Amino acid sequence: MLIHKNDSKQRFETALGEEFAYIDFRMFEGNMVLMHTFVPLEGRGLKISEQLAEFVFDYLKSHQLKMKVYCPYLLAYLEKNPKHKELLV
């Protein structure tokens with residue numbers, strides 16, 4: 001699966017046929033604010049949201065950025081994967 005950062009739409013995304021799975025973000029005061037995770041019906045149950053989350057966390061680490069999370073899915077994911085909590089503001 002190819003995931004990339006789409007700056008014009010302010011999201012990390014991957015194509016699923018003609019639709020996209022994505023995590024929306026905004027930059028605020030030098031931190032990335034993660035707003036929402038979406039996976040189309042055809043991609044649900046395939047762990048696409050987990051792959052998106054890991055990609056975003058790796059991006060943040062490699063760019064030495066911190067994050068604030070509003071997305072309920074990502075908040076729950078962080079509870080199950082506390083190693084990424086170091087990225088929180």
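What you see is a predicted model, and the numbers here were worked out from it, not measured in a lab.
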Residues 78-89 side chain polar contacts: donor-acceptor under 3.5 Å, at least two apart:
unit_1	atom_1	unit_2	atom_2	d
Glu79	OE2	Lys85	NZ	3.0
Asn81	ND2	Tyr77	O	2.9
His84	ND1	Lys61	NZ	3.4
His84	NE2	Glu54	OE1	3.2
His84	NE2	Glu54	OE2	3.0

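The list of ring pair (Phe, Tyr, Trp, His ring centres under 6.0 Å) pairs with a residue in residues 22-48, not counting sequence neighbours, reads Phe12-Phe25, Tyr22-Phe38. Identified under the salt bridge (Lys or Arg N to Asp or Glu O under 4.0 Å) test for residues 21-48, with sequence neighbours left out: none.
Expressed to the nearest 0.5 Å, how far CD1 of Ile23 lies from CD1 of Ile3 amounts to 8.0 Å. Annotation: the span from Thr37 atom OG1 to Leu75 atom CG amounts to 9.5 Å, rounded to 0.5 Å. The structure places CG of Leu65 at 6.5 Å from OH of Tyr59, a figure rounded to the nearest 0.5 Å. Between Phe57 atom CZ and Leu60 atom CG the span is 7.5 Å, to the nearest 0.5 Å.
Side-chain contact check for Ile48 versus Met1: some heavy-atom pair is nearer than 4.5 Å. Proximity of Tyr73 to Glu50: side-chain heavy atoms (C-beta onward) are separated by under 4.5 Å at one or more points. Side-chain contact between Asn6 and Glu13 is present, with heavy atoms from C-beta onward closer than 4.5 Å.
Just one of Lys5, Gln10, Arg11 meets the side chain to side chain contact (heavy atoms under 4.5 Å, CB included) condition when paired with Asp7; it is Lys5.
Looking at every heavy atom in both residues, Leu74 comes nearest to Ala53 through CD2-CB, 3.7 Å. Taking both residues in full, the closest heavy atoms of Gly43 and Leu16 are given as CA-CD1, 4.1 Å, listed atom of the first, atom of the second, then distance.
Residues Phe55 and Met67 share a single hydrophobic cluster, defined by chaining ILVMFWY side chains whose heavy atoms lie under 4.5 Å apart.
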Would Asn31 and Lys68 satisfy side chain to side chain contact (heavy atoms under 4.5 Å, CB included), going step by step from the backbone distance to the final call? CA-CA 7 Å; Asn31 299 305; Lys68 184 159 181 95; 5.7 Å; no

